[in-house]
Amino acid sequence: MRAAPASPPTPAELRELALTELEYQALMEQLGRVPNRLELGMLGALWSEHCSYKTSKALLRQLPSAGERVVQGPGENAGVVDLGDDLLCCFKIESHNHPSAIEPVQGAATGVGGILRDVFAMGARPVALLDGIRFGDLDDPRQRHRFARVVEGIGWYGNCIGVPTVGGETYFDDAYQHNCLVNAMCVGLARRDQLVRARASGPGNPLLLVGADTGRDGIHGATFASVQLDEAAEGRRPAVQVGNPFLEKCLLEACLELTGDPDLIGLQDCGAAGLTSSCAEMAHRGGVGLEIAVDQVSRREQGMTPYEVMLSESQERMVLVVQRGSEDRFRAAFQRWGLHSDVVGRVIEEPLFRIVENGEEVASVPLQVLVSGFPERHPESRAPDIRSLLSADPLERTPPWSLEEAWLRLLASPNCGDSHWVWRQYDHQVGDDTVLGPGGDAAVLRLRGRGDALALTVDSAHRSASLNPRRATAIAVAEAVRNLACVGAEPLGITNCLNFGDPDRPEIMWQLEEAVAGLAEAALAMGIPVVSGNVSLYNQFDGQGIPPTPTLGLVGLLPDLSRRLGAGFTRAGDLVALVGPAGAGISGVELGGSEYQRLAHGVLEGPAPELDLPAEARSAAAIRAAINRGLLSSAHDCSLGGLAVTLAESALLGGIGARIKPPLGLPDRPPPSWHFGLLFGESQGRYLVSLEPSQLEAVRALFVEHGTPFSTLGQVGGSVIAIEGLAEVGLEVARSTWAGAIPERLEPARAARS
């Protein structure tokens with residue numbers, strides 16, 4: 001029997017659930033009645049931006065998701081590509097921004113836990129974690145605390161569960177002081193016959209809930225992630241989940257032990273919106289219904305209501321649909337791992353999501369309404385008037401420092417400096433498959449029993465995304481491709497996390513539209529499918545939003561592990577060369593949106609760097625070919641900090657100096673900052689490589705064959721890093737400056753005493 005008729009919700013109740021009045025009217029029309037409190041809570045969770053993608057779904061349809069290696073595209077827990085010989089790679093990136101802002105350790109840790117479950121829910125063993133994190137200026141004590149605690153949370157969860165954190169990206173800017181970004185990526189491997197989908201089928205088949213008991217943590221987590229932060233955000237701490245990596249390790253091993261079992265029908269992570277989303281989405285994908293008996297759900301707190309049970313986001317839980325009659329065998333298998341499991345429901349034929357308590361129906365919603373009945377949103381979009389910023393010429397600004405001082409200041413900045421302080425807290429060798437770990441262009445993992453290897457990277461949009469989000473997002477794709485090319489790997493698939501402010505502001509909606517268009521253009525031009533992803537909106541605090549920050553994870557395959565290459569110079573006497581456009585005129589000295597511009601002038605102005613996607617594809621192919629023929633000694637993507645920082649990084653990573661000539665001559669009447677643009681401009685499509693002199697003609701011929709510019713600049717050797725006629729710094733001075741970029745800001749008192 002149904003509970004007594006409900007009364008309409010108040011405006012305050014709708015706000016709590018992040019539902020608008022128009023959305024409430026839409027669900028009323030579809031239901032034909034007033035939903036009760038439990039039904040409204042479930043609808044609010046699944047209609048939230050975090051679960052429904054109601055603002056971005058129409059835009060995401062333009063992303064290319066098909067390809068000859070694609071096994072599973074968007075719509076499942078993770079994307080899947082084929083590595084050959086029946087080995088599959090599953091991967092996805094997601095955000096945990098709001099929780100990390102108010103509870104940094106648990107917010108970051110449970111973000112890692114959630115993305116791990118997304119991957120092993122597919123039947124894949126997680127083999128690597130990566131992260132993309134952004135914070136305000138480290139001169140602010142609050143940012144230092146938040147940053148250190150987020151790093152602690154990432155390291156704690158990954159280290160405890162035994163999955164290596166092999167790469168990522170860290171960036172600091174005042175624009176993120178109220179809304180830090182914590183994006184976590186997981187990569188896993190599975191045999192083809194182990195792949196599992198999150199779909200329910202077979203009326204009468206039981207539904208199992210396994211793992212942690214259900215508590216009150218994380219209630220309204222999905223709706224919390226779908227509204228902007230404000231001064232009351234601290235009061236939302238109960239919406240942040242609490243993690244237990246040791247329990248998740250047992251859950252991971254137990255689930256992987258059962259993959260391939262013919263009686264396992266569907267497996268799903270119990271994440272955002274808890275039992276409501278995990279169970280409803282499984283049933284909807286399978287075209288069936290589900291009945292859940294909430295009184296059968298084990299709880300760790302007394303007096304929990306059906307509302308709390310269905311919307312709890314307690315961590316380390318999975319739901320399974322199994323063949324009727326096999327439930328005791330599955331429960332026994334979980335018990336061997338010390339895991340408690342309950343039969344909490346059953347598949348029904350009618351496409352309803354029905355909740356019962358002690359045999360009495362307390363909620364019943366058609367799955368079509370619950371999962372896909374939300375009205376898609378199309379907020380007004382309007383480009384901001386930034387003509388004055390775009391028309392400004394950054395080269396006309398008078399530099400505040402000498403070239404050498406600017407060089408050292410860039411190396412001392414946390415964005416260009418050594419990130420060793422971060423990744424030394426992560427176990428990046430556990431599992432013994434990490435060949436190249438953090439600190440280079442891309443991570444490389446061996447594939448056991450094979451001669452090839454997996455390459456992984458995470459990259460975010462260029463700072464110029466506030467000026468040109470379309471081009472900056474395409475730049476992020478191109479940079480990720482360059483990073484993989486530098487180790488010799490060909491890209492296979494993209495996963496994306498689109499971090500933006502409030503889309504109800506027309507200029508933010510325009511940024512989102514432009515960024516997705518840029519991602520689509522670059523993915524198509526480079527021939528890379530987008531197989532999974534996440535959208536994180538409302539990264540805004542009291543009206544102040546973050547810059548558009550699309551973050552991309554890219555997975556690639558290195559044909560011959562023995563040919564892998566690093567970014568550091570390897571021997572004295574090697575030639576140093578620039579691959580890509582040396583430039584002519586303004587090209588090659590672009591300062592718009594650069595890190596130098598941010599540090600030296602505290603502005604964001606001028607056109608975004610130019611981008612030639614066909615040329616990017618050609619140069620990446622040429623670099624890969626040169627590496628896989630054994631022609632290069634090192635390769636490094638020329639990006640943040642420009643040519644000078646790239647040169648310094650290659651020298652510091654290799655422990656040997658270098659001396660090069662500038663790639664461009666001085667024009668007759670150079671603007672004030674022309675030399676600064678030459679050294680620190682972030683023009684795209686460039687690599688700095690080193691090679692033995694005996695290989696010069698073969699390398700030159702290869703790049704000519706690919707239609708890619710190639711020019712020798714100088715030679716490796718000595719104890720200085722020099723760009724002749726402009727600036728030089730001692731190798732050890734550069735090293736101490738670079739190495740202290742983050743530690744000296746986190747421990748200013750200790751640094752002052754040393």
Side-chain angles (χ1 to χ4, degrees), residues 77-78 90 106 109-110 112-126 156-163 186 188 190 194 196-198 200 205-218 241-272 274-279 282 290 292-302 304 309-310 312-346:
N77 284 299
C90 308
Q106 290 297 338
T110 52
V112 173
I115 199 65
L116 282 162
R117 291 193 301 278
D118 279 339
V119 166
F120 73 76
M122 301 292 295
R125 176 171 293 279
W156 168 64
Y157 207 99
N159 294 352
C160 289
I161 201 170
V163 178
C186 183
Q194 295 174 316
V196 183
R197 294 327 203 277
N205 284 333
L207 177 76
L208 272 66
L209 173 63
V210 60
D213 288 347
T214 299
R216 290 189 171 95
D217 52 320
Q241 309 91 339
V242 178
N244 182 345
F246 302 107
L247 178 60
E248 178 136 328
K249 173 63 173 175
C250 295
L251 192 60
L252 182 159
E253 297 297 344
C255 288
L256 292 183
E257 184 181 280
L258 295 168
T259 58
D261 189 311
D263 288 334
L264 176 60
I265 294 170
L267 180 63
Q268 171 74 42
D269 162 35
C270 197
L275 279 170
T276 296
S277 65
S278 57
C279 297
M282 283 184 79
L290 270 180
I292 293 180
V294 288
D295 50 287
Q296 297 302 308
V297 175
S298 294
R299 312 170 190 191
R300 61 172 179 258
E301 298 182 51
Q302 294 183 348
M304 290 184 67
V309 171
M310 291 305 300
S312 167
E313 294 183 10
S314 293
Q315 296 292 283
E316 290 83 41
R317 299 182 301 163
M318 303 289 285
V319 291
L320 304 82
V321 173
V322 301
Q323 191 68 37
R324 182 167 45 184
S326 67
E327 54 267 41
D328 288 342
R329 181 167 60 82
F330 278 89
R331 295 189 70 193
F334 287 124
Q335 187 61 49
R336 288 196 298 272
W337 286 95
L339 296 169
H340 179 75
S341 58
D342 298 312
V343 176
V344 299
R346 63 187 179 93

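What you see below is based on every heavy atom in this structure, not just the backbone, and it leaves out hydrogens, waters and symmetry mates. Heads up: numbering here begins at 1 and tracks the sequence. Since we're looking at a predicted model, the values are computed, not measured.
With sequence neighbours excluded, the residues forming a side chain to side chain donor-acceptor pair (under 3.5 Å) with Ser312 are Ser314, listed by chain and number. The side chain to side chain donor-acceptor pair (under 3.5 Å) test applied to Gln315 returns Arg117, not counting sequence neighbours. Among residues two or more places apart in sequence or in another chain, the salt bridge (charged side-chain N to carboxylate O under 4.0 Å, His left out) test is passed with Arg346 by Glu291. Listed by chain and residue number, Thr259, Leu264, Leu267 satisfy the side-chain contact (heavy atoms from CB on, under 4.5 Å) test with Val196 (two or more places apart in sequence, or in another chain). In terms of the side chain to side chain donor-acceptor pair (under 3.5 Å) criterion, residue partners of Asp261 (sequence neighbours excluded) are, by chain and number, Arg329. Residues that satisfy the salt bridge (charged side-chain N to carboxylate O under 4.0 Å, His left out) test with Arg299, not counting sequence neighbours, are absent from this structure. A search for salt bridge (charged side-chain N to carboxylate O under 4.0 Å, His left out) contacts involving Arg317 returns nothing, not counting sequence neighbours. Applying the salt bridge (charged side-chain N to carboxylate O under 4.0 Å, His left out) test to Glu316 and every residue at least two apart in sequence or in another chain returns nothing. The side-chain contact (heavy atoms from CB on, under 4.5 Å) search around Arg336 returns Glu257, Ala333, not counting sequence neighbours. With sequence neighbours excluded, the residues forming a side-chain contact (heavy atoms from CB on, under 4.5 Å) with Asp213 are Ser298, Arg300, His340, listed by chain and number. Taking the side-chain contact (heavy atoms from CB on, under 4.5 Å) definition, one finds that Cys279 meets it with Leu207, Leu275, Leu290, Ile292, Val319, Phe353, sequence neighbours left out. With sequence neighbours excluded, the residues satisfying side chain to side chain donor-acceptor pair (under 3.5 Å) with Asn77 are Gln268.
Across Leu256 and Ala124, no two heavy atoms sit closer than the pair CD2-O, 3.6 Å. Residues Pro206 and Glu327 share a closest heavy-atom pair of CG-OE1, 3.7 Å. In terms of heavy-atom proximity, Asp118 sits nearest to Ala78 at O-CB, 4.1 Å. Summarising the geometry of Ala190 relative to Gly123, their closest heavy-atom pair is CB-O, 3.5 Å, with the distance given to 0.1 Å.
Separation of atoms OG (Ser341) and CE (Met318) is listed at 13.5 Å; rounding is to 0.5 Å. Atom-to-atom distance recorded for Ser326:OG and Leu208:CG is 8.0 Å, nearest 0.5 angstrom. In this structure, Leu251 CG and Phe246 CZ are separated by 15.0 Å, a value rounded to the nearest 0.5 Å. Atom CD1 of residue Ile161 and atom CG of residue Leu116 lie 5.0 Å apart, to the nearest 0.5 angstrom. Atom CZ of Phe120 and atom CD of Glu253 lie 9.5 Å apart (nearest 0.5 Å). Put simply, CG on Leu320 and CZ on Phe334 are 4.5 Å apart, with the number rounded to the nearest 0.5 Å.
Side-chain contact between Arg331 and Val210 is absent, with no heavy-atom pair separated by less than 4.5 Å. Using a 4.5 Å cut-off on side-chain heavy atoms (C-beta onward), Asp295 and Val309 make no contact.
Within 6.0 Å of atom CZ in Arg324, 12 or fewer heavy atoms from other residues, nucleotides or ligands are found, so the atom counts as exposed in its surroundings.
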- [ ] Apply side chain to side chain contact (heavy atoms under 4.5 Å, CB included) to Leu247 and Leu339, showing your working.
- [x] CA-CA 8 Å; Leu247 178 60; Leu339 296 169; 3.4 Å; yes
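Although no hydrogens or angles enter the test, the distance criterion places a donor-acceptor pair under 3.5 Å between the side chain of Gln106 and the main chain of Gly243.
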